[in-house]
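Read through the structure below, which is laid out as structure tokens, and then see the notes.
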Number of protein chains: 2
Amino acid sequence: MARPRATSATPNSPDPSAWPAFLLSQVGAHSAGRFADRLAPLGLKPPHAGILRALDRADGLSQQALGEALGTFPSRLVALLDELEERGLVERRDRPGDRRSYALHLTDAGREALQQLVRVARQHQDDLCAALDESEREQLAGYLRRIAEQQRLAPGIHPGWKLLGEGRSGKS
Amino acid sequence: MARPRATSATPNSPDPSAWPAFLLSQVGAHSAGRFADRLAPLGLKPPHAGILRALDRADGLSQQALGEALGTFPSRLVALLDELEERGLVERRDRPGDRRSYALHLTDAGREALQQLVRVARQHQDDLCAALDESEREQLAGYLRRIAEQQRLAPGIHPGWKLLGEGRSGKS
DNA sequence: TATTGTTATACTCTATAACTATA
DNA sequence: TATAGTTATAGAGTATAACAATA
């Protein structure tokens, strides 16, 4: 049904679906979806993973600060943290100085879950990139990192449309 | 940057957010979002673009066949086609043999919109890949195409989690 | 009055099931 | 009975505004 494949699928090919930008959207969505699939058996969803990672690197954050770091709205964080706290992976500790805000901490179970999570990410990675050898994967990662930098994407924040320096308040 | 392999952002780095799989999700979501931004002024959304492209390649499809080709539910297509028909870009023609189904056709305005769309895609492409030169873009596209093939992603269908040969039945 | 976390609300996208009109 | 298109509905995910407690 499709026309014969053009000789090369370069950016100048007549078929936009062969261009890098389209392929990026397509493969990127696939990667995100498959990662979510692998997370599901652990009872976690992608946003949970981001929170666990962030708290591992900076224990004791307030919800406000966490939201800032992740590009997540405070109201969304409430539900996500409720779920993580219910599963015993995160706790909201009272803060002595200021009784309005909590200090967020990973529990031991939370740190364990994080390790599982890294293992799962590695499996996902290996499966997704099965078509490429080691040096090709590095080259791919290099290209993607350069694009991410040039596009001013915040490192480690998944929702890709979130730009660096773009304030939460909408306009900057 | 002339560092040996295992140092910074390789697949074996301790920080998963530097691995290709994460970068793919992040940059891919960014690409999709920015493309949607560029489509908005034309009064179109990404799914509309897919429909216009599909009809250009195969005029006269039924809604059923179009949904099959795009991996879209029939019920979702109704609204999308309503919008396109209202804007005069697509028409549902009665089919002589079978009065249950329509034959979908691009109008002249639809073909014009498609050309605009390709121009917009090219701009998007140039902006997104500004960090890479021509030969690097081709290499990137090549890697992505190999991943897409190995992962059995259907060519040209955006929702990446849709696999070739996988039935329409969703899983929970 | 400003700030932290929370609740309530709305809007989009997507998926499922029920309905109609033909066949 | 089966099929094509449609309608209605429900569930995620996400953004916005109002609110209570505290500062």
Side-chain angles (χ1 to χ4, degrees), chain A residues 25 29 32-33 36-37 39-40 44-51 60-85 90-104 157-162 166-171, chain B residues 25 29 32-33 36-37 39-40 44-51 60-86 90-104 157-162 166-172:
Chain A
S25 306
D37 288 347
L39 243 41
L44 295 175
K45 289 180 222 169
H48 295 136
I51 292 175
L61 252 46
S62 70
Q63 293 186 200
Q64 179 105 347
L66 180 62
E68 193 78 22
L70 290 175
T72 308
F73 286 88
S75 57
R76 174 132 179 69
L77 269 187
V78 174
L80 291 169
L81 287 170
D82 283 351
E83 289 155 7
L84 289 173
E85 202 173 25
V90 165
E91 55 180 2
R92 289 187 246 227
R93 292 193 200 150
D94 284 337
R95 207 191 282 272
D98 189 335
R99 272 198 309 211
R100 289 176 304 182
S101 68
Y102 297 117
L104 300 170
I157 298 188
H158 170 264
W161 45 81
K162 190 82 197 163
E166 196 182 49
R168 177 81 45 66
S169 46
K171 35 260 163 181
Chain B
S25 306
D37 289 346
L39 243 40
L44 296 175
K45 288 180 222 171
H48 295 136
I51 293 175
L61 253 45
S62 69
Q63 294 187 200
Q64 179 106 348
L66 180 61
E68 193 78 23
L70 290 175
T72 309
F73 286 88
S75 57
R76 174 134 178 68
L77 269 187
V78 175
L80 292 168
L81 287 170
D82 283 350
E83 289 155 7
L84 288 172
E85 202 173 27
E86 200 170 330
V90 165
E91 56 181 2
R92 289 186 245 230
R93 291 193 201 150
D94 284 336
R95 207 190 280 274
D98 189 335
R99 273 199 308 211
R100 289 175 303 181
S101 68
Y102 297 116
L104 300 169
I157 298 189
H158 171 264
W161 46 80
K162 188 79 198 166
E166 191 183 50
R168 180 77 49 65
S169 71
K171 53 166 213 157
S172 318

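Residue numbers begin at 1 in each chain, while the letters A, B, ... track the order of the sequences.
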May I have the distance from [X] (atom [atom1]) to [N] (atom [atom2]), rounded to whole angstrom?
{"X": "A:F73", "N": "C:dG5", "atom1": "CZ", "atom2": "P", "value": "16 Å"}
{"X": "A:L77", "N": "D:dA15", "atom1": "CG", "atom2": "C1'", "value": "13 Å"}
{"X": "B:R76", "N": "C:dA17", "atom1": "CZ", "atom2": "C1'", "value": "18 Å"}
{"X": "B:E68", "N": "D:dA4", "atom1": "CD", "atom2": "C1'", "value": "13 Å"}
{"X": "B:D82", "N": "D:dA4", "atom1": "CG", "atom2": "P", "value": "19 Å"}
{"X": "A:I51", "N": "D:dG13", "atom1": "CD1", "atom2": "C1'", "value": "14 Å"}
{"X": "A:L80", "N": "C:dT7", "atom1": "CG", "atom2": "P", "value": "14 Å"}
{"X": "B:R92", "N": "D:dA4", "atom1": "CZ", "atom2": "P", "value": "15 Å"}

For [X] versus [Y], what's the shortest heavy-atom pair and its separation?
{"X": "A:V78", "Y": "A:R92", "result": "O-NH2, 4.0 Å"}
{"X": "B:A36", "Y": "B:P46", "result": "CB-CG, 3.8 Å"}
{"X": "A:A69", "Y": "A:I157", "result": "O-CD1, 3.0 Å"}

Does a nitrogen or oxygen in the side chain of B:Q63 sit under 4.0 Å from OP1 or OP2 of D:dA4? no
Assign A:S75 to base, sugar-phosphate, or nothing according to its heavy-atom contacts below 4.0 angstrom with the strands shown. base
Given B:L80, which of B:E85, B:H48, B:K45 fulfils the side chain to side chain contact (heavy atoms under 4.5 Å, CB included) condition? B:H48
Nucleic acid contacts of residues 95-103 of chain A, taken as heavy-atom distances under 4.0 Å to DNA chain D: A:G97, A:D98, A:R99, A:R100
Are the side chains of B:L66 and B:T72 in touch, meaning some heavy atoms are under 4.5 Å apart? no
Flag side-chain contact, heavy atom, 4.5 Å: B:D94 against B:R99: no
In this structure, are over 12 heavy atoms from other groups packed under 6.0 Å from B:R95 atom CZ? yes
On DNA chain C, compare the nucleotides closest to A:A65 and B:K45; which residue's is nearer the 5' end? A:A65
